[in-house]
Amino acid sequence: MSGRSTFYVTTPIYYVNDVPHIGHAYATLACDVIARFKRLDGYDVHFLTGTDEHGQKVEKAAAAAGLTPQAFTDKVSQSFRDLIGVMNFSPDGFIRTTEKRHYAACQALWEKLVAAGDIYLGKYAGWYSVRDEAFYADSETEVGTDGKRRAGPVGNEVEWVEEPSYFFKLSAWGDRLLEFYDKNPRFIAPESRRNEVISFVKGGLQDLSVSRTSFSWGIPVPGDPKHIMYVWLDALTNYITECGYPDESNPLWRFWPADLHIIGKDIIRFHCVFWPAFLMAAGVATPKRVFASGWWTTEGQKISKSLGNAIDPVAATAEFGLDPFRYFLLREVPFGNDGDFQRRALIGRLNADLANAYGNLCQRVLSIVAKSCGEKVPPKGTLVEADTALLDRATGLLAVVRAEFDEQAFHRALTSIWEVIADANRYVDAQAPWALAKTDPVRRDTVMWVLAETIRRVTLLVQPFMPDSTAKILDQLAVPAEARTFAAFDRELASGTTLPKPQGVFPRFVEPAAAAS
Ligand code: MSP
């Protein structure tokens with residue numbers, strides 16, 4: 001193939017019982033920004049997203065909508081596909097668990113687990129949460145003041161289930177999992193999640209029920225179709241289905257093992273305990289890293305259907321602009337922490353970071369260049385210390401941002417970039433090019449070159465976060481398409497290049513009420 005290093009990044013696949021909201025957009029946005037960054041950095045990238053369409057929860061939602069599960073999933077899955085356009089995501093693949101290739105992969109994995117002696121037939125008697133699609137031990141449940149029994153990370157209701165079931169011998173995998181975590185310290189992030197998983201495994205693992213018989217919306221167990229596979233075994237397999245499993249000659253198999261699964265904090269146990277155990281048992285390589293993001297609330301409240309308070313990405317991007325919304329989600333909250341979506345905070349950042357800091361820098365510099373430097377990249381004269389200091393800080397950003405991306409620390413990457421933007425704005429004030437115009441136009445040209453070049457370097461790095469806006473800025477600097485990757489990071493602006501007319505990219509946001517008064 002290309003000989004470039006591969007990079008495979010995945011989102012959780014989304015249940016189709018619900019329409020997409022900010023929580024879904026968030027994980028996919030994080031993956032999108034990483035995928036774009038890695039492509040710019042020369043990697044052979046595969047970015048996968050999709051929908052999780054089986055199980056009791058989806059079957060119930062379909063019944064409530066008066067549709068067959070297939071008709072229902074076709075409809076809702078499409079709304080997740082539509083989100084790709086709304087948010088300008090750049091996935092290379094979209095998987096649906098109702099696809100034929102996925103049935104084949106799940107059944108092949110099942111047969112491997114049987115052959116390895118890790119599956120046996122028994123009977124499940126215990127608690128089940130349909131909302132979490134998860135089994136819980138008695139000790140993990142609690143009866144509330146309303147008499148209802150609940151369990152799990154968000155306290156969803158559980159019901160008693162008794163049915164014949166196949167089991168995966170998870171109890172036998174505890175020590176091997178602990179050894180695996182030990183040898184792969186980067187496997188679970190952030191660190192607090194790693195500790196959570198290790199103590200869960202140390203607490204002892206029960207065998208896991210991996211088939212259900214009380215409903216039928218799922219993938220049949222090979223040789224015993226009364227049983228359908230547990231929806232999490234089915235869902236997790238999507239990551240290898242995409243690569244062609246079990247056909248290792250599939251060209252996409254080069255992407256396995258995945259470099260990064262981005263997930264939400266509620267589904268860590270499935271990804272960090274069950275998934276590596278299934279894979280090790282089946283003799284398939286384990287993914288390199290799982291990063292669990294936190295959860296968004298809105299204006300201090302938990303997002304819930306009954307409150308109807310979920311931020312709709314379609315409405316938010318229409319109101320605030322797509323790129324500002326993308327920027328805010330990754331800048332406002334350290335990735336991995338919970339965050340509260342506040343309209344006031346979004347508008348504050350949009351005006352301070354985008355309109356005033358970055359937008360204003362571009363606007364000031366490009367309009368002086370257009371007015372006073374003949375609409376061309378100005379001549380680069382002799383550089384003085386202040387010039388090289390700014391340029392070096394901008395150059396140093398590539399390594400800094402790369403390292404932050406390796407940790408999925410988007411907010412820190414952005415903070416570092418914005419420090420250089422602030423430096424550049426201070427440099428404009430200190431150099432006062434408008435005054436130099438009269439006293440030393442040659443020096444003024446050099447100052448403007450340094451600024452334009454700084455904007456180029458910074459903007460190359462902002463591309464993964466705000467692809468449309470940065471494309472406009474790079475157009476205004478006449479940076480050719482092939483010079484927008486990090487391989488061209490050191491390719492300086494050529495003096496004398498004709499520039500198009502500058503246009504503002506980040507307008508200030510004015511509250512509609514304030515604008516009317
Ligand atoms: N189908 C499973 C994932 C299977 S992956 C093999 C699932 N789907 S989900 O649609 O319920 O959730 C998808 C993701 O959205 C999860 O990672 C979950 O954490 C995330 N979020 C749902 N609500 C959220 C917020 N309010 N905030 C941030 N993320 C949230 O779980």
Side-chain angles (χ1 to χ4, degrees), residues 9-31 48-61 73 76-77 79-80 83 87 93-98 102 105-106 109 129-134 152-154 156 193 217-219 229-242 258 260-276 278-279 287 290-305 307-313 316 329-330 332-341 408:
V9 59
T10 68
T11 74
I13 50 171
Y14 302 101
Y15 284 129
V16 288
N17 65 315
D18 208 354
V19 290
H21 63 60
I22 183 179
H24 308 121
Y26 188 48
T28 315
L29 172 62
C31 292
L48 177 69
T49 187
T51 44
D52 186 355
E53 307 191 1
H54 290 132
Q56 214 172 350
K57 170 149 106 172
V58 171
E59 193 181 71
K60 278 189 172 177
T73 54
V76 189
S77 177
S79 62
F80 281 92
L83 186 66
M87 293 292 297
F94 188 97
I95 189 162
R96 299 182 56 187
T97 55
T98 45
H102 183 64
C106 287
L109 182 68
S129 158
V130 176
R131 290 203 70 146
D132 297 348
E133 295 282 18
V154 286
N156 283 324
R193 302 295 173 197
W217 183 236
I219 299 178
M229 284 184 210
Y230 174 39
V231 65
W232 271 101
L233 174 56
D234 160 346
L236 289 160
T237 305
N238 91 86
Y239 302 129
I240 52 174
T241 300
E242 175 73 0
L260 181 63
H261 293 315
I262 297 255
I263 59 162
K265 64 177 183 180
D266 54 321
I267 55 176
I268 293 175
R269 198 181 285 187
F270 305 100
H271 283 82
C272 298
V273 182
F274 301 171
W275 184 222
F278 294 153
L279 290 170
V290 177
F291 191 103
S293 75
W295 270 41
W296 284 94
T297 48
T298 47
E299 309 288 345
Q301 278 179 322
K302 190 179 152 188
I303 294 176
S304 87
K305 255 192 188 170
L307 291 173
N309 63 347
I311 299 291
D312 169 10
L329 292 180
L330 294 179
E332 182 67 4
V333 177
F335 198 57
N337 291 10
D338 290 334
D340 188 36
F341 186 93
Q408 292 75 50

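Indexing begins at 1, ligand by ligand and atom by atom, following the structure's order.
Under a cut-off of 6.0 angstrom, the local environment of CZ in Arg193 is crowded, with over 12 non-hydrogen atoms contributed by other residues, nucleotides or ligands.
The single protein non-hydrogen atom nearest to atom 20 (C) of ligand 1 is Gly23 O, 4.1 Å, given as residue, atom name and distance. Counting only heavy atoms of the protein, atom 3 (C) of ligand 1 lies nearest to Ile13 O, 3.1 Å. Among protein heavy atoms, atom 13 (C) of ligand 1 sits closest to Tyr14 CD2, 3.4 Å. Considering only non-hydrogen protein atoms, atom 23 (N) of ligand 1 sits nearest to His21 CE1, 3.5 Å. The protein non-hydrogen atom at the shortest distance from atom 27 (N) of ligand 1 is Trp296 N, 2.8 Å. Ranking protein heavy atoms by distance to atom 19 (O) of ligand 1, first place goes to Asp266 OD1, 2.5 Å.
Among the atoms of Tyr15, some N or O lies under 3.5 angstrom from an N or O of ligand 1. On a distance-only criterion, Lys265 and ligand 1 share no N/O pair closer than 3.5 Å. Some N or O of Trp295 is nearer than 3.5 Å to an N or O of ligand 1, by distance alone. Looking at Pro12 next to ligand 1, no N or O pair under 3.5 Å apart turns up.
Close contacts between ligand 1 and Gly294 involve ligand atoms 28 (C) [criterion: under 4.0 Å to a heavy atom]. Those atoms of ligand 1 that come under 4.0 Å of a heavy atom in Trp232, given as number and element, are 2 (C), 3 (C), 4 (C), 5 (S), 6 (C). Near Gly264, meaning under 4.0 Å from any of its heavy atoms, are these atoms of ligand 1: 17 (O), 19 (O). Heavy-atom contacts of Ala235 reach the following atoms of ligand 1: 6 (C) (cutoff under 4.0 Å). Interface of Ile303 with ligand 1, defined as ligand atoms under 4.0 Å from a residue heavy atom, comprises 26 (N). Set against the non-hydrogen atoms of Asp52, the atoms of ligand 1 under 4.0 Å away are 1 (N), 2 (C), 4 (C). Under a 4.0 Å criterion applied to the non-hydrogen atoms of Tyr239, ligand 1 contributes the atoms 5 (S), 6 (C). Less than 4.0 angstrom separates some heavy atom of His24 from each of these atoms of ligand 1: 10 (O), 15 (O).
Look at Glu133 and you'll find every heavy atom at least 4.0 Å from all atoms of ligand 1. Every heavy atom of Lys302 sits 4.0 Å or more from the atoms of ligand 1. Ligand 1 is never approached by Ser293 to a heavy-atom distance shorter than 4.0 Å.
The main-chain N or O of Asp234 is found under 3.5 Å from a side-chain atom of His102 such that the two form a donor-acceptor pair. Judged by distance alone, with hydrogens and angles left aside, the side-chain atoms of Lys265 form no donor-acceptor pair with the main-chain N or O of Gly294 at under 3.5 Å. Here the side chain of Tyr14 pairs a donor or acceptor atom with the backbone of His24 at under 3.5 angstrom.
Scanning all heavy atoms of the two residues, the minimum distance from Ala235 to Asp52 falls at CB-OD2, 3.4 Å.
When heavy-atom distances to ligand 1 are checked against a 4.0 Å cut-off, Phe270 has no atom that comes that close, whether in backbone or side chain.
Thr97 is not listed as a side-chain neighbour of Thr51, based on a closest heavy-atom distance of 4.5 Å or more. Side-chain contact between Phe270 and Glu133: absent, with no pair of heavy atoms (C-beta onward) separated by less than 4.5 Å. Between Leu29 and Leu330 the shortest side-chain heavy-atom distance falls below 4.5 Å. Here the side chains of Asp338 and Thr297 are not in contact, with every heavy-atom distance at 4.5 Å or above.
Using a 4.0 Å cut-off between charged nitrogen and carboxylate oxygen, Arg96 and Glu53 count as a salt-bridge pair.
Under the ring-ring contact (aromatic ring centres under 6.0 Å, His included) test applied with His54, the options Trp217, Tyr230, Trp232 reduce to a single match, Trp217.
Side-chain rings of Trp296 and Tyr26 approach one another, their centers coming within less than 6.0 Å. Ring-centre distance between Phe341 and His21: not below the 6.0 Å cut-off.
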